[in-house]
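Notes follow once the structure below has been shown.
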Amino acid sequence: MLSAPPVEAETVEVAPIEASPAFDVADTQALVMSNTAVNGEYFHLTLAAAGLAMNAKAGQFFNIACPATDKDLPYLRRPMSVYRVVPSKGEIEFLYKVTGAGTRGLATLRAGDSTAVLGPLGNGFELNPRWKNIVVVGRGVGLATLAPLAEMAAERGIKVTAILSARSRGLVMSVERFAASGARVEVVTDEDGSSDPDNVERMLLRLIEKEGADAFFTCGSNRLMLLLKRVGATFQIQGQVAMEQQMACGLGMCFCCVRNFSAPNGTEQRRVCVDGPVFPLSEALSW
Amino acid sequence: MLSAPPVEAETVEVAPIEASPAFDVADTQALVMSNTAVNGEYFHLTLAAAGLAMNAKAGQFFNIACPATDKDLPYLRRPMSVYRVVPSKGEIEFLYKVTGAGTRGLATLRAGDSTAVLGPLGNGFELNPRWKNIVVVGRGVGLATLAPLAEMAAERGIKVTAILSARSRGLVMSVERFAASGARVEVVTDEDGSSDPDNVERMLLRLIEKEGADAFFTCGSNRLMLLLKRVGATFQIQGQVAMEQQMACGLGMCFCCVRNFSAPNGTEQRRVCVDGPVFPLSEALSW
Amino acid sequence: MVDLRVKIGRMTLRNPVMPASGTFSEGLARVFSFDHLGAVVTKTITAERRGGNPTPRVAEVGQGMLNSIGIPSKGVINFIDHIMPEYAACSAPLVVSVSAPTAEAFADIVRQLNVPGIAAIEANISCPNIEEDGKAFAMRAKSTAVVVDQLRKATTLPLWVKLTPNTGDVGAVAQAAQDNGADALVVANTILAMSIDTETFRPRLGSIMGGYSGPAIKPIVLRMVYQCAQAVDIPIIGCGGIAATEDAVEYMLAGAAAVQVGTATFVKPNAMLDVVDGLTRFCQRKGIAKVSDLTGAVLDRGMTVDQLEALP
Amino acid sequence: MVDLRVKIGRMTLRNPVMPASGTFSEGLARVFSFDHLGAVVTKTITAERRGGNPTPRVAEVGQGMLNSIGIPSKGVINFIDHIMPEYAACSAPLVVSVSAPTAEAFADIVRQLNVPGIAAIEANISCPNIEEDGKAFAMRAKSTAVVVDQLRKATTLPLWVKLTPNTGDVGAVAQAAQDNGADALVVANTILAMSIDTETFRPRLGSIMGGYSGPAIKPIVLRMVYQCAQAVDIPIIGCGGIAATEDAVEYMLAGAAAVQVGTATFVKPNAMLDVVDGLTRFCQRKGIAKVSDLTGAVLDRGMTVDQLEALP
Ligand SMILES: Cc1cc2nc3c(=O)[nH]c(=O)nc-3n(C[C@H](O)[C@H](O)[C@H](O)COP(=O)(O)OP(=O)(O)OC[C@H]3O[C@@H](n4cnc5c(N)ncnc54)[C@H](O)[C@@H]3O)c2cc1C
Ligand SMILES: Cc1cc2nc3c(=O)[nH]c(=O)nc-3n(C[C@H](O)[C@H](O)[C@H](O)COP(=O)(O)OP(=O)(O)OC[C@H]3O[C@@H](n4cnc5c(N)ncnc54)[C@H](O)[C@@H]3O)c2cc1C
Ligand SMILES: Cc1cc2nc3c(=O)[nH]c(=O)nc-3n(C[C@H](O)[C@H](O)[C@H](O)COP(=O)(O)O)c2cc1C
Ligand SMILES: Cc1cc2nc3c(=O)[nH]c(=O)nc-3n(C[C@H](O)[C@H](O)[C@H](O)COP(=O)(O)O)c2cc1C
Ligand code: FES
Ligand code: FES
């Protein structure tokens with residue numbers, strides 16, 4: 001076992017949303033450029049959405065209207081993390097898993113259709129320019145949220161190690177994309193047992209020992225979040241977690257999306273849509 | 001003015017629906033073969049619907065499920081008259097006018113889609129084998145209902161004169177089809193004033209004088225129905241009218257579709273879906 | 001095999017699926033055989049001949065419809081002489097829905113229906129009580145108690161009492177029905193509603209207001225079934241917006257012993273059969289041997305309705 | 001130009017469109033300027049700090065949603081010190097929604113809100129009255145009368161009273177509010193409803209039941225607005241399922257002087273602006289000079305609600 005390293009953790013200042021930043025959220029109809037199946041479960045959606053949408057950054061999300069189908073009449077919009085922004089083309093991409101009424105509807109979109117999107121919403125990931133190494137641990141659809149973070153880090157010269165977890169190799173998303181950004185990628189799966197938290201913990205400890213880690217980032221798994229919280233606390237490595245909660249408005253109006261967080265005096269409810277979806281790992285609680 | 005002709009009107013026995021004829025109505029998913037715009041307002045829908053649907057005859061209808069669209073979520077089915085049955089291909093055709101939520105939804109159907117249909121429903125037109133000449137007077141979408149009647153009459157060697165009324169020449173439906181069945185076709189329009197009831201009455205009187213008329217058939221216009229009722233009463237020419245009323249079930253269950261009819265003791269409510277939609281002209285009342 | 005039988009008081013139904021009153025008639029026999037149903041329920045009949053409401057009697061509203069059919073009826077004699085024989089060959093028990101404007105008239109019609117071939121009476125007490133202020137009997141516990149008491153004395157047939165959702169206190173009404181001898185409750189009738197054509201400025205129903213039914217009302221009536229299940233011990237038959245197997249399951253979980261399918265039959269004439277088949281498949285998949293095990297099986301233990309917050 | 005102004009008692013609003021309480025907050029200022037609205041209405045506040053309900057707090061059901069937010073509140077002091085200043089620059093009048101568990105506590109909070117910058121009070125009396133049996137004040141005329149009377153004595157601000165649809169007698173409740181000094185009525189809050197997950201058998205809301213809102217409830221609440229308009233003379237603000245111009249027109253025809261848009265804003269954040277613009281276009285097309293001419297303009301003359309048949 002390693003003992004905690006002597007480096008002192010730095011606090012990242014997550015900028016609070018200003019009271020009423022004028023009209024920085026677009027409510028617009030976006031043209032579908034493509035919408036293709038990535039594997040049996042995931043779809044990749046590209047929308048033309050110039051303007052405000054281009055300001056979107058890793059960890060932020062859009063609230064997307066999902067078409068009605070023969071079987072489903074989704075009523076509320078569905079929050080979807082920004083998977084990629086391509087300013088040169090005025091395009092924004094999403095990666096989603098077909099699960100229920102909304103995503104089944106989304107999957108029927110064809111190039112040339114359009115759908116309503118609201119965003120960018122929420123607070124994205126924050127990177128401290130002084131960081132050298134960060135560790136990104138994600139699972140399932142959480143990888144959609146983390147993928148653009150790897151590129152953001154690369155642009156700022158921060159080295160990324162990505163531990164990508166999934167049920168099976170075939171279902172690990174975005175390996176190439178993480179790799180292309182320069183990240184070192186480790187794939188762990190349920191299939192070969194490598195995704196077991198104990199094993200991931202061993203990997204983390206090795207990493208910390210070898211080159212240190214300035215911050216942890218995670219999304220998509222409660223077990224992995226708890227692991228990172230614990231390891232982070234032990235080694236005083238701060239972190240950020242992107243959380244999910246059922247939403248209606250995405251704008252802080254309805255209070256549907258609250259979760260409990262640890263606060264100086266006990267726990268406190270915060271709205272995932274405006275207070276997050278990215279929260280300090282140390283304050284996030286099990287879900 | 002003509003006086004009433006001496007011929008005695010024959011009573012057509014419209015066969016009552018048997019109490020529970022076993023399963024003569026199909027509830028089935030039908031494949032769309034084509035669905036094309038006929039002009040600015042009308043669409044022509046062809047469905048593959050072998051089986052019971054092939055028993056459909058002129059004047060009967062189907063209750064058709066209409067797809068949801070971006071803007072409309074039609075809930076109830078929409079009744080549509082049988083426009084043509086092609087037993088050799090197992091196909092059934094409809095002609096409809098795009099008016100509201102349901103027909104806007106129908107208009108989005110593409111070849112290869114499928115939709116649920118229930119039918120054949122209601123009582124169709126009846127032809128007495130002893131008849132020689134009938135006069136068919138229709139307007140607007142009512143022509144969809146009357147077109148197959150002309151062919152049915154031709155098959156039985158009954159001569160048909162069709163007076164087809166519309167706002168303008170461009171909107172008269174099915175002229176060729178009536179003509180191809182051997183019917184003599186007269187087109188009257190609002191545009192040139194020829195559709196005026198007074199003019200149609202003059203045409204009818206001429207017809208009756210020249211070759212007589214054994215029965216009148218009409219659909220689609222209250223004014224024309226009243227005219228035929230009056231002329232028919234004067235000359236003791238019986239007739240049949242296909243009526244419309246808002247429906248829910250189409251099967252006689254909900255009692256939504258009632259209209260008033262004259263009955264031996266005053267007026268009586270009847271269900272358009274099962275007691276009609278074809279009724280004796282003499283019993284039909286203004287709507 | 002899954003056991004689909006359910007008990008409603010002393011009756012055992014082949015399965016828990018039946019039509020809702022007024023949304024079913026002999027016409028449906030042209031689509032499928034009624035032998036597949038748990039029971040058949042007639043359109044409400046009255047003692048005398050009645051006309052029904054002006055047209056339009058139907059308006060489509062979202063995922064549902066408004067109707068103002070009223071209760072056109074050819075009277076009880078016509079029913080016994082002409083309608084009942086049509087159901088004679090059907091193996092499903094015949095439940096006859098009745099209505100009347102006073103408690104006494106209710107008792108009268110029920111007495112007339114004391115004939116062989118009728119398996120149960122469904123008292124549609126959602127109709128107005130003309131002796132009080134014209135409000136439906138089932139809007140208040142007191143008027144419910146009076147009419148159910150009279151009905152109970154008038155018949156030995158199983159007595160189902162159909163409640164209205166247009167009340168602020170369905171639990172108390174349910175209890176009044178139970179306390180005065182109802183064998184089962186049907187929850188519920190349509191919700192009073194309205195629609196106006198914004199082009200013509202005219203109400204879309206000939207009688208201005210009408211009853212709202214279909215999928216849109218399901219969450220409201222489901223809540224009432226749950227409330228009634230906590231208030232009474234007699235079986236509850238859930239009715240409101242059921243269109244598919246999951247809807248029937250949802251009602252049973254909330255406390256219903258059986259279900260009635262109404263408006264869905266207009267849109268999908270085979271809806272009832274689909275639910276019967278679907279219940280078998282659902283129970284098989286979930287490893288449930290008897291469909292009746294679903295009744296009241298909602299996992300609400302440890303959860304509480306926050307009295308202070310349930311109503312925003 | 002179409003005159004969009006409407007009068008609510010002694011207030012004149014720029015146009016008849018405003019948000020429904022709890023479906024609106026400063027966050028929407030990131031999408032459009034509140035200066036376009038007839039008024040702004042806050043989320044309900046209480047005297048004390050409150051937590052709100054367990055999650056999940058939202059469930060999508062058909063064309064609508066269930067919520068069990070409850071009334072989380074940071075208290076009235078926090079509201080005056082921190083929330084009110086955020087609306088200071090906004091030209092639309094600020095309506096503050098309040099709630100309390102007793103009539104006295106209601107009066108108390110209203111007294112504390114007697115500060116400049118508040119244009120009117122909206123009393124959310126759909127919340128439970130803990131002094132009686134926990135039923136919402138607005139479920140009965142008597143408890144409505146008591147609480148409105150106290151509120152009236154406690155403030156000189158315009159007093160809007162928000163009713164609940166979970167009552168069997170909204171007309172009588174409306175009249176009780178008017179008789180005890182309400183300046184306007186808001187009709188109505190959400191409808192109590194429920195949904196169960198048929199896979200997990202668990203209620204889909206953490207607090208089992210919740211409030212149903214959105215397009216699905218429109219025909220029900222519209223009927224209540226029509227009934228209230230016949231029962232009272234004070235202005236009615238319609239609220240329930242309004243998502244587009246035609247919905248607002250429908251409510252005004254039924255008798256509403258103004259409208260509140262709730263859930264639709266979650267689905268279409270610009271819904272309120274669309275309705276404002278749409279009302280101008282609608283009136284232009286119809287040759288209507290003043291939008292207020294729509295109020296109560298339904299063409300129901302000569303039509304009657306058949307008391308005997310309206311409820312099937
Ligand atoms: C900030 C945020 C970002 C997200 N990003 C992505 C993404 O990039 N890709 C992706 O596939 N999914 C993402 N999700 C989950 C997504 O919003 C959908 O909820 C989920 O895909 C299932 O929706 P559905 O309509 O198919 O399922 P349904 O079962 O029809 O959903 C019913 C309701 O539950 C909600 N719901 C269901 N699952 C979740 C969930 N995991 N989190 C929150 N609400 C849920 C839905 O939004 C909807 O309101 C994100 C959620 C949040 C909160
Ligand atoms: C027996 C019968 C046969 C019909 N045959 C045809 C046909 O062959 N071609 C055709 O175009 N139309 C036909 N109609 C009318 C058709 O059913 C539709 O109602 C009409 O096309 C408008 O529907 P919508 O959904 O587009 O309009 P909406 O305005 O959305 O309709 C709303 C409601 O009103 C009803 N409705 C509207 N117009 C009528 C109408 N004229 N008659 C009855 N109900 C109406 C609809 O069915 C629906 O329930 C027939 C009607 C009946 C009763
Ligand atoms: C057209 C129509 C007619 C109805 N007639 C009656 C009736 O005669 N008696 C009765 O008790 N309920 C009647 N109802 C109510 C239904 O039985 C049922 O309670 C209601 O529609 C809710 O169920 P659903 O949503 O499945 O339709 C009628 C409903 C409809 C739609
Ligand atoms: C998420 C949510 C929160 C709500 N909170 C409140 C509230 O705090 N106070 C209140 O009076 N009504 C509240 N309501 C009810 C709405 O103000 C409105 O009366 C109801 O939603 C019906 O309107 P709609 O169908 O347009 O949403 C809330 C509704 C929703 C959906
Ligand atoms: S989704 Fe509405 S407050 Fe977060
Ligand atoms: S449409 Fe149902 S009875 Fe005619």
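Here is the naming used below: chain letters follow the sequence lines, and residue numbers restart at 1 for every chain. Heavy-atom basis, side chains included; hydrogens, waters and symmetry copies ignored.
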- prompt: Tell me, side chain or backbone of Ser195(C) under 4.5 Å from chain D's heavy atoms, or both, or neither?
  reply: both
- prompt: Is a salt bridge present between Lys135(C) and Asp169(D), judged by a nitrogen-to-oxygen distance below 4.0 Å?
  reply: yes
message: Looking at Gly210(C), is its backbone amide N or carbonyl O close enough to the side chain of Ser68(C) to form a donor-acceptor pair, meaning the two atoms are under 3.5 Å apart?
response: no
- prompt: Which value, rounded to the nearest 0.5 Å, describes the distance between Tyr212(D) atom OH and Arg223(C) atom CZ?
  reply: 12.0 Å
- request: Would you mind telling me which of Met252(C), Arg140(C), Met224(C), Arg202(C) has the largest number of heavy-atom pairs within less than 4.5 Å of chain D?
  value: Arg202(C)
query: In terms of heavy-atom proximity below 4.5 Å to chain D, should Arg285(C) be classed as side chain, backbone, both, or neither?
result: side chain
query: So which part of Glu199(C) gets closer than 4.5 Å to some heavy atom of chain D, the side chain, the backbone, both or neither?
result: both
message: Less than 4.5 Å apart, side chain to side chain, heavy atoms only: is that true for Leu299(C) and Arg301(C)?
response: yes
field: chain D contact via Lys162(C) - side chain, backbone, both or neither, heavy atoms under 4.5 Å
entry: neither
Most chain C-contacting option - heavy-atom pairs closer than 4.5 Å, from Asp300(D), Val298(D), Ile220(D), Thr167(D): Ile220(D)
field: Nearest non-hydrogen partners of Ile71(D) and Arg50(D), listed with the distance
entry: O-NE, 3.1 Å
field: Atom CD of Gln230(C): over 12 foreign heavy atoms under 6.0 Å
entry: yes
message: Show, in sequence, the C-alpha distance, side-chain angles and deciding distance for Arg204(D) and Glu60(D), and conclude whether the salt bridge (charged side-chain N to carboxylate O under 4.0 Å, His left out) test is met.
response: CA-CA 9 Å; Arg204(D) 288 175 64 212; Glu60(D) 179 177 270; over 6 Å; no
query: Given a strict heavy-atom distance threshold of 4.5 Å, which part of Phe282(C) is in contact with chain D: side chain, backbone, both, or neither?
result: side chain
Donor + acceptor pair across side chains of Asn124(C), Ser97(C) (<3.5 Å): no
task: Check each atom of Thr200(C) against the heavy atoms of chain D and say whether the ones under 4.5 Å are side chain, backbone, both or neither.
output: backbone
query: So what's closer than 4.5 Å to chain C heavy atoms on Leu253(D): side chain, backbone, both or neither?
result: both
field: Side chain Ser21(C), main chain Thr42(C), donor-acceptor under 3.5 Å
entry: yes
query: Given a strict heavy-atom distance threshold of 4.5 Å, which part of Gln63(C) is in contact with chain D: side chain, backbone, both, or neither?
result: side chain
- prompt: If you tally heavy-atom pairs under 4.5 Å against chain D, which of Gly241(C), Pro203(C), Gly62(C) wins?
  reply: Pro203(C)
Toward chain D, the part of Val61(C) with a non-hydrogen atom under 4.5 Å: side chain
task: Go through Gly168(C), Ala254(C), Pro215(C) and name the one with the most non-hydrogen pairs under 4.5 angstrom from chain D.
output: Gly168(C)
statement: Okay, Leu66(C) and chain D: the region with an atom under 4.5 Å from a heavy atom over there is side chain
